[in-house]
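Before any comments, here is the structure.
In this chain, numbering begins with 1 at the start of the sequence shown. Because the structure is a prediction, the values reported are computed rather than measured.
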Amino acid sequence: MKRFKYYVLISIAMVMGACSDWLYLEPENGITVDEFWQSEQDVHAGVMGCYASLLGGSDHPFAEAVFNWGELRADMVAPFRSIDGGYFQINQSEITPDNQYVRWNGAYFTINLCNTVLEKAPPVLDIDGAFTNEELQRYRGEVLTLRALMYFYLVRVFNEVPLILEATTSDARVERHSKASREEIYTQIKKDLLEAEPLIPKDHGSVDENKGRLTWYTLKTIQADVHLWEDDFGLAIEACDAVINSGQFSLVRGDEYWFTELFVEGNSPEAIFELQFSQEKLNPYYDWFSSNQGARYRANVETIEYLFPFNIMALPEDADIRSDGASYRSTDSYSLWKYLGADRFTAKPSNEATSNWIVYRYADVLLMKAEALANTEGGGADAQILINQVRERANAPDDTEVEATDQYSLTTYIVDERAREFAFEGKRWFDLLRNARRDNYRRQDLITDMVLRTTPPQKVESALSKYQDPRFHYFPIHSDEIEASFPLLEQNSFYVTEE
């Protein structure tokens with residue numbers, strides 16, 4: 001399948017330079033910012049640069065971060081042959097501010113690119129007579145939505161972060177920032193999405209671009225997710241319905257092509273937004289998960305056995321299609337197969353590591369709506385219908401079916417179903433935390449069970465004690481960022497050591 005590819009002009013790299021500090025960029029000598037922003041083509045290149053930054057790199061590792069942030073604290077991944085010190089800390093619940101996985105530079109790199117487009121694109125209307133206000137507003141809708149998505153990741157991972165709404169394009173614009181509160185971050189996220197809603201396109205003109213660029217449907221999906229985190233269940237349902245009732249998306253059929261269509265080819269009818277990897281830009285995950293490459297991670301066997309219980313009497317065709325040979329592969333040391341397989345049985349070579357990173361897909365919308373309904377008076381029956389849609393596509397066996405009749409049991413059922421459906425797609429920790437913290441941590445047991453499944457026995461007591469404190473549910477701010485912004489930026493309070 002032809003993939004949508006992001007072309008980043010050399011001039012964009014010259015304008016933005018390299019990341020030299022905790023969240024600002026210094027321009028290189030040569031072409032200046034004002035010399036670059038001269039035409040609609042320059043604005044287009046700037047927007048494409050925002051998307052390209054999501055694919056990751058040594059100075060802006062966002063694609064790497066979304067896996068690490070969503071999976072390493074949870075219970076579906078286990079250390080394997082090439083375990084590194086940062087993950088070892090997380091696995092032992094001994095996270096410190098110098099941990100490599102608590103860096104936020106990838107998200108802020110993209111935020112600064114978005115801020116630059118928002119600032120520099122409008123004056124181009126007066127320079128390029130062929131550039132229309134309609135085109136400008138469409139671009140603004142995309143970058144406002146992308147900025148909101150970046151802050152949504154940051155607030156869920158760090159809780160309180162600097163709120164940067166202006167571009168840093170020169171030394172004269174470099175400023176240090178203190179943290180904004182969680183409430184301020186969510187207010188800005190919702191403001192950006194509300195402003196973008198009438199602007200962002202519903203259709204970019206091709207399937208590949210509709211899956212690889214943000215659309216109105218992506219915006220509504222992000223809104224639904226945000227509303228779930230704020231326990232605004234009616235608004236979450238409304239946003240989900242906008243996607244569901246659009247008729248633009250459907251579940252991929254649960255047949256022998258399910259794996260190929262979703263995870264190998266990508267850009268399926270189920271996809272809402274994906275990070276588009278290709279031969280020109282391979283994804284970073286293959287080397288992390290391949291046993292041939294000295295894998296860092298494998299599936300946590302204890303969690304897999306809980307989610308996909310083995311029935312010795314069942315026939316192979318009765319198995320959940322998301323289990324062995326899909327999410328993981330037991331005969332390949334429980335590798336994370338979604339990113340390794342050419343099909344359900346054969347691995348790709350390393351030079352074909354082109355599997356997209358799926359940010360959102362239609363099954364997510366169905367289960368988000370189910371979660372909102374489960375927390376709404378009288379919504380349990382409708383929630384079950386949506387869960388069953390996803391399970392029927394997956395050929396989920398009776399062994400994992402639950403007749404949930406109350407909010408407590410429905411929550412457990414939905415959290416487990418999301419784990420089966422989105423295994424290793426960067427959602428597990430967020431699903432556990434969102435549902436655990438609701439109603440003043442009424443479901444702390446979700447986190448407790450996670451700790452028991454993942455923590456080495458000698459560390460369990462210490463880990464359980466730490467996870468009882470909600471402040472530990474967020475990462476520390478990296479020590480380099482604290483030092484670079486001294487004295488304005490304060491460490492998250494759990495990680496402050498007394499002198």
Side-chain angles (χ1 to χ4, degrees), residues 6-57 59-63 104-128 131-133 135-154 161-177 180 185 188-189 191-193 195-196 199-200 212-214 275 481 484-485:
Y6 304 123
Y7 297 96
V8 189
L9 302 183
I10 293 296
S11 49
I12 277 287
M14 295 175 66
V15 169
M16 298 312 303
C19 186
S20 61
D21 209 332
W22 64 288
L23 58 80
Y24 72 90
L25 306 171
E26 292 181 344
E28 299 286 348
N29 293 331
I31 187 169
T32 67
V33 172
D34 291 335
E35 287 175 329
F36 176 78
W37 296 93
Q38 298 294 311
S39 68
E40 186 277 334
Q41 288 82 6
D42 294 341
V43 176
H44 178 79
V47 174
M48 293 303 100
C50 295
Y51 286 114
S53 70
L54 301 176
L55 303 184
D59 58 348
H60 51 95
F62 181 75
W104 59 26
N105 49 317
Y108 275 114
F109 186 96
T110 299
I111 287 169
N112 195 42
L113 291 174
C114 291
N115 289 341
T116 302
V117 173
L118 291 169
E119 179 179 315
K120 297 298 180 181
V124 177
L125 286 174
D126 297 327
I127 301 172
D128 183 356
F131 184 36
T132 68
N133 186 60
E135 290 173 315
L136 170 65
Q137 298 309 320
R138 286 164 65 95
Y139 287 137
R140 287 186 68 249
E142 287 184 77
V143 294
L144 283 167
T145 303
L146 183 53
R147 185 173 74 178
L149 180 61
M150 294 300 99
Y151 276 118
F152 186 40
Y153 272 106
L154 288 170
V161 297
L163 184 59
I164 316 298
L165 303 177
E166 294 184 351
T168 300
T169 54
S170 70
D171 290 342
R173 292 286 296 273
V174 171
E175 296 179 0
R176 300 295 188 245
H177 294 268
I185 300 295
Q188 186 63 47
I189 290 169
K191 180 181 178 181
D192 279 353
L193 294 174
E195 184 178 350
L199 307 177
I200 192 168
R213 293 174 68 176
L214 296 163
L275 305 189
E481 274 85 3
S485 194

Decide side-chain contact (heavy atoms from CB on, under 4.5 Å) for Arg147 and Val143; before the verdict, give the C-alpha distance in whole Å, the side-chain angles of both, and the deciding distance to 0.1 Å.
-> CA-CA 6 Å; Arg147 185 173 74 178; Val143 294; over 6 Å; no
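- The CG atom of Asn105 sits 6.5 Å away from the CD atom of Glu481 when rounded to the nearest 0.5 Å.
- Annotation: the span from Leu163 atom CG to Tyr151 atom OH amounts to 5.0 Å, rounded to 0.5 Å.
- Put simply, CZ on Phe152 and CG on Leu193 are 9.5 Å apart, with the number rounded to the nearest 0.5 Å.
- When all heavy atoms of Thr145 and Ile200 are compared, the closest pair comes out as OG1-CD1, 3.5 Å.
- Of the inter-residue distances, the one linking Gln188 atom CD with Asp192 atom CG reads 4.5 Å to the nearest 0.5 angstrom.
- Counting all heavy atoms, side chain and backbone alike, Pro122 lies closest to Leu118 at CD-O, 3.3 Å.
- For the pair Leu125 and Leu136, the minimum side-chain heavy-atom distance is below 4.5 Å.
- The two residues Asp128 and Gln38 come nearest to each other via the heavy atoms CB-O, 3.8 Å.
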Run the side-chain contact (heavy atoms from CB on, under 4.5 Å) check on Thr132 and Arg138 step by step: do they pass?
-> CA-CA 10 Å; Thr132 68; Arg138 286 164 65 95; over 6 Å; no
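- Judged purely by atom type and a 3.5 angstrom limit, Tyr108 has no side-chain atom pairing as donor or acceptor with the backbone of Ile164.
- A pairwise comparison of heavy atoms in Cys114 and Cys50 identifies N-SG, 3.7 Å as the closest pair.
- Contact annotation: the side chain of His44 never approaches that of Glu135 to less than 4.5 Å [non-hydrogen atoms, C-beta and beyond].
- Counting heavy atoms from C-beta outward, Leu113 and Leu146 have side chains that stay 4.5 Å or more apart.
- Atoms CG and OG1, from Asn112 and Thr168 in turn, are 5.0 Å apart once rounded to the nearest 0.5 Å.
- Nearest heavy-atom pair, Ala45 versus Phe36, reported as atom, atom and distance to 0.1 Å: CB-CZ, 4.3 Å.
- Atom-to-atom distance recorded for Thr116:OG1 and Ile111:CD1 is 11.5 Å, nearest 0.5 angstrom.
- No side-chain heavy atom of Ile127 sits less than 4.5 Å from a side-chain heavy atom of Ser39.
- Aromatic ring orientation, Tyr139 versus Phe131: tilted (interplanar angle from 30° to 60°).
- Of all heavy-atom pairs between Leu199 and Gly141, the closest is CB-CA, 3.9 Å.
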